[in-house]
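Step one of this worksheet: look at the structure below.
Start at 1 with the first residue, then count along the sequence.
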Amino acid sequence: MRQMFLAFERRTTAFALAFACAMLVAAVCLGMYQMLIRFVFQQPAELTEVLVRFTLIWMVFMGAPVAFRQGAMVCVDLAHRLASHVGKRVLDTVAAVCALIVIGVMIWFGIEYAYRGRFQTISGLESFSMTWAYLAVPVGAVYSGIAIIGCLLDPRRQEHETAQ
């Protein structure tokens, strides 16, 4: 069961990373397009600024699971280095439980906020609902929760190698 969950977690975290990278590429391309249109052709496009903002929001929330999975999000390095083996496990469990509580709150209020924004339209993109922008919070939180549980089951401390 543990191995099946970790395999599932690897796939979801890889998808979240690929999605976050795609959103970064989209934001860069949209920003370059905006600069070209605005400064070269003197015709600003209204929708690119909004789309860049939303792609960056999605990038951040979908990139967070990767940081959680690598153990880099909740950083308690000094306490972790000084603790015994059992103390490290207790510290990891307490940090994961606290992070999962925050993730649960993000999911709850993110869904509620997305639901409330269903009638609100995006400025510059009037045919789209703000729900699509607000959904980044609960979707990213679900992926982050999966990554936190994966980190608890199979801890990776990759930030320690780069910090020393």
Side-chain angles (χ1 to χ4, degrees), residues 1-36 47-81 88-89 91-115 117-118 122 124-125 128-164:
M1 185 70 177
R2 180 176 183 250
Q3 294 303 323
M4 286 175 42
F5 180 81
L6 289 174
F8 172 71
E9 180 274 327
R10 272 192 305 275
R11 287 191 299 273
T12 59
T13 303
F15 173 76
L17 178 61
F19 191 85
C21 289
M23 291 296 102
L24 178 61
V25 168
V28 168
C29 291
L30 286 166
M32 293 296 291
Y33 173 75
Q34 173 70 357
M35 288 184 349
L36 179 73
L47 65 104
T48 54
E49 180 185 342
V50 175
L51 288 175
V52 167
R53 189 177 325 132
F54 293 142
T55 56
L56 290 177
I57 290 168
W58 273 95
M59 179 196 70
V60 168
F61 281 102
M62 293 303 281
V66 180
F68 274 119
R69 185 59 181 107
Q70 292 178 353
M73 200 60 137
V74 180
C75 232
V76 284
D77 289 343
L78 182 61
H80 200 273
R81 289 179 186 160
K88 288 179 183 180
R89 195 67 185 149
L91 188 63
D92 288 342
T93 304
V94 168
V97 167
C98 290
L100 285 171
I101 290 170
V102 171
I103 292 299
V105 170
M106 287 174 62
I107 292 170
W108 179 266
F109 286 105
I111 290 171
E112 184 176 325
Y113 205 61
Y115 180 74
R118 70 189 184 278
I122 298 171
L125 296 171
F128 290 99
S129 170
M130 280 296 287
T131 298
W132 295 107
Y134 296 148
L135 275 177
V137 176
V139 170
V142 166
Y143 279 92
S144 293
I146 293 168
I148 291 168
I149 295 169
C151 188
L152 189 61
L153 294 175
D154 181 31
R156 295 181 191 160
R157 294 261 170 224
Q158 294 175 341
E159 83 281 359
H160 288 303
E161 287 102 33
T162 59
Q164 294 177 0

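Here SG of C29 is found 12.5 Å from CG of L51. Values are rounded to the nearest 0.5 Å. Atom-to-atom distance recorded for F61:CZ and M23:CE is 14.5 Å, nearest 0.5 angstrom. Once rounded to the nearest 0.5 Å, the distance linking CZ of R89 with CG of L91 reads 11.0 Å. Atoms OH and OG1, on Y33 and T48 in that order, are 7.5 Å from each other to the nearest 0.5 Å. Atom CD1 of residue I101 and atom CD1 of residue I148 lie 10.5 Å apart, to the nearest 0.5 angstrom.
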M106 vs I103, side chain to side chain contact (heavy atoms under 4.5 Å, CB included): CA-CA, chis, key distance, verdict: CA-CA 5 Å; M106 287 174 62; I103 292 299; 4.1 Å; yes
Check against side chain to side chain contact (heavy atoms under 4.5 Å, CB included), E9 and R69: CA-CA 9 Å; E9 180 274 327; R69 185 59 181 107; 2.8 Å; yes
Test side chain to side chain contact (heavy atoms under 4.5 Å, CB included) on M62 and F15; report intermediate values, then the result. CA-CA 9 Å; M62 293 303 281; F15 173 76; 4.3 Å; yes
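Across every non-hydrogen atom of I57 and A133, the tightest pair is CG2-O, 4.4 Å. Considering every non-hydrogen atom in both L100 and I149, the closest pair reads CD1-CG1, 4.1 Å. Taking all atoms of both residues into account, the shortest heavy-atom contact from A147 to T13 is CB-OG1, 4.1 Å. Contact detail for V52 and A27: the closest heavy-atom pair is CG2-O, 3.7 Å. For the residue pair P65 and G140, the shortest heavy atom distance occurs at CG-O, 4.1 Å. For the pair G110 and V137, the tightest heavy-atom approach, listed with the atom from each and the gap, is CA-CG1, 4.1 Å.
Side-chain contact between R10 and L6 is present, with heavy atoms from C-beta onward closer than 4.5 Å. Taking 4.5 Å as the limit, every side-chain heavy atom of L24 sits out of range of all side-chain heavy atoms of T55. Side-chain atoms of Q3 and F8, non-hydrogen and from C-beta on, never get closer than 4.5 Å to each other.
For R118 and Y115, the positive end sits near the middle of the six-membered ring, less than 6.0 Å away and at most 45° from its axis.
Proximity of a side-chain donor or acceptor of T131 to a complementary backbone N or O of A114 within less than 3.5 Å is detected.
Under the 30°/60° scheme for interplanar angles, the aromatic rings of W58 and F19 are found to stand perpendicular.
In Q34, the CD atom is crowded: over 12 heavy atoms of neighbouring residues, nucleotides or ligands sit closer than 6.0 Å. Within 6.0 Å of CZ in F5 there are more than 12 heavy atoms belonging to other residues, nucleotides or ligands.
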